[in-house]
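Naming convention: chains lettered A, B, ... in sequence-line order (proteins, then strands); numbering from 1 in each chain. From a predicted model like this one, the values you see are computed outputs, not experimental measurements.
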Number of protein chains: 2
Amino acid sequence: MSLHALKLAPQDCGDCPIRHRAVCARCDGPELAKLEEMKYYRSFEAGQNVVWSGDRMDFVASVVSGIASLTQTMEDGRRQMVGLLLPSDFVGRPGRTIAPYDVTATTDLVMCCFRRKPFEEMMATTPHVAQRLLEMTLDELDAAREWMLLLGRKTAREKIASLLSILARRDVGLKAKAAKGPISFDLPLTREEMADYLGLTLETVSRQMNALKRDGLVELEEKRRITVPNFDRLMNETGDDSDGGFLS
Amino acid sequence: MSLHALKLAPQDCGDCPIRHRAVCARCDGPELAKLEEMKYYRSFEAGQNVVWSGDRMDFVASVVSGIASLTQTMEDGRRQMVGLLLPSDFVGRPGRTIAPYDVTATTDLVMCCFRRKPFEEMMATTPHVAQRLLEMTLDELDAAREWMLLLGRKTAREKIASLLSILARRDVGLKAKAAKGPISFDLPLTREEMADYLGLTLETVSRQMNALKRDGLVELEEKRRITVPNFDRLMNETGDDSDGGFLS
DNA sequence: CGATTGCCTTGATCAGGATCAAATGAAAGG
DNA sequence: CCTTTCATTTGATCCTGATCAAGGCAATCG
């Protein structure tokens, strides 16, 4: 029986473009058994809320399948996505009981949960877990800072191109990128969610998507099905360095 | 003899508005001695560069005094600040040798450094240090996400008000905030640095600063000396929830 | 002392996205 | 089949903040 969240070690998926965020990549003795017995699963439908900002959250979890988003909302309704949780990403902060953001299932979602109290106790006695969690958190911090550059300084077109290239990489892997073949994938976000991710309005997202289509940078056969004929040409629109230094 | 970075435990400075980020708040035996013998100090003048993005960085450090900033720059020169390091903040990522950002001394700066290799070794054998570092990193991640909301969704005026209220809190503490008296502090940033922090141009920063002054929300006797007569009125301009849930 | 330099302010104009409004299209339901 | 709903597109207009261009002011230096 598989312990999803715990078995994914980075070295197990060398090609994967996403930084895997297994809770514990290195422990395989009693700690794993302890985690195994405290875990449980929860499923959510697309659009369903997982926790509200301000709620008590007495579990930590990692995403098994599907996508969840973290969003912040201002009183007047302005919204900003601040995190996008992909499979194997971790959510919940040891030591903090109140959720600081809304967590929402963007697609159908399965999470592997651990009650916070025993998880924290285990962390205190198992150095590997704390270290792995630190690594993961540092990766997330780097991603957040990349995102800050996007929000603060990129144009609408660059923002869209950046998001699409992130999703393309995630779905297809760096190998495919190197291969320079066309890349196809499903957009897991609505126009509005994309707008919340990018700090734009949904109208601007729509217009810029169609602009990229007009310019032949992407093909949009079905509104939510994207094909990128030439990844490098898309990258040129992102404003990022050509190498796209994504992983360390 | 003081081990600056290590002696600051959160509970030692209850009033301080800034989340202290001591490397090790809880260890006080052999680990402290080990850290003590591997530490060394480096000083920088205002404006001086500490590391360039892409450089090899074979130390980790914590800020003793002064302010440093982390910035990202695009090829065409657009710049975004992604971190502001205040005293007791930590910089440098265990496990990563290449600096992902430019680190610059914004004011005169003293840092307490540890060579990376021995620091990492110590981390591996001292669970408290990894746990403390995890806490600090999670705090930083929360700050980054707050910052993302600012960059993505706030107006120029709200951005300025937010920055000023952060600085005001830092310099004076929550107690003073509660006391509702006027708050004075020195701006440690130029208009351009503020702009890079906020995702604006320096002209817009200048205009909005003067607008806040005209509206009586701040007083600017000397361009870099700020007085906030009524903190709550400034907070109302930030767009944040009134409570200003700053710490946990 | 005048010249230079760095930082800040101010003004005029422009443009990228936001906003408001309406239409389209596809899927779901009665 | 018609209606409803939701996601998306498209159009017209507006406005915030960017851009371009000068000018002020204080500190520093020759």
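- Side-chain atoms of B:Gln72 and B:Ser53 include no donor-acceptor pair closer than 3.5 Å.
- For B:Glu45 and C:dG6, the CD to C1' distance is 16 Å, given to the nearest whole Å.
- In this structure, CG of A:Leu187 is placed 15 Å from C1' of D:dT9, rounded to the nearest angstrom.
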Can you tabulate the close N/O pairs, meaning under 3.5 Å, that link protein atoms to atoms of nucleotides 10-18 of chain D?
from, atom 1, to, atom 2, distance (Å)
D:dT10, OP2, A:Asn210, ND2, 3.1
D:dG11, N7, A:Arg207, NH1, 2.9
D:dG11, O6, A:Arg207, NH2, 3.2
D:dA12, N6, A:Arg207, NH2, 3.4
D:dG17, OP1, B:Ala156, N, 2.7
D:dA18, OP2, B:Thr201, N, 3.4
D:dA18, OP2, B:Thr201, OG1, 3.1
D:dA18, OP2, B:Thr204, OG1, 2.4

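- Figure legend: cation-pi geometry between A:Arg169 and A:Phe185 absent, as NZ or CZ is not positioned both under 6.0 Å from the six-membered ring centre and within 45° of its axis.
- Between the P atom of D:dA7 and the CG atom of A:Leu189 lies a distance of 13 Å, rounded to the nearest Å.
- Rounded to an integer number of Å, the gap from CG of B:Leu220 to P of C:dC8 is 11 Å.
- B:Leu212 places its CG atom 12 Å from the P atom of C:dT9, with the value rounded to the nearest Å.
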Side-chain donor-acceptor distances from residues 206-220 of chain B under 3.5 Å, at least two apart:
from, atom 1, to, atom 2, distance (Å)
B:Asn210, ND2, B:Ser206, O, 3.2
B:Asp215, OD2, B:Arg157, NH2, 2.2

(message) Let's go through A:Arg79 and A:Glu192 carefully: what are the C-alpha distance in whole Å and the side-chain angles of both, what is the deciding distance for salt bridge (Lys or Arg N to Asp or Glu O under 4.0 Å) to 0.1 Å, and is it a yes or a no?
(response) CA-CA 10 Å; A:Arg79 258 197 305 164; A:Glu192 187 173 21; 3.7 Å; yes
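- One can place CZ of A:Arg225 at 19 Å from P of C:dA26, the figure rounded to the nearest angstrom.
- An OP1 or OP2 oxygen of D:dA7 is reached within less than 4.0 angstrom by no side-chain nitrogen or oxygen of A:Arg224.
- Between the side chains of B:Thr227 and B:Ser184, a donor-acceptor pair is found at a separation under 3.5 Å.
- At whole-Å resolution of the value, CE in B:Met194 and C1' in C:dC8 are 12 Å apart.
- A salt bridge links A:Asp240 with A:Lys154: at least one charged nitrogen is closer than 4.0 Å to a carboxylate oxygen.
- If you take CG of A:Leu198 and P of C:dG16, they are 18 Å apart, rounded to a whole angstrom.
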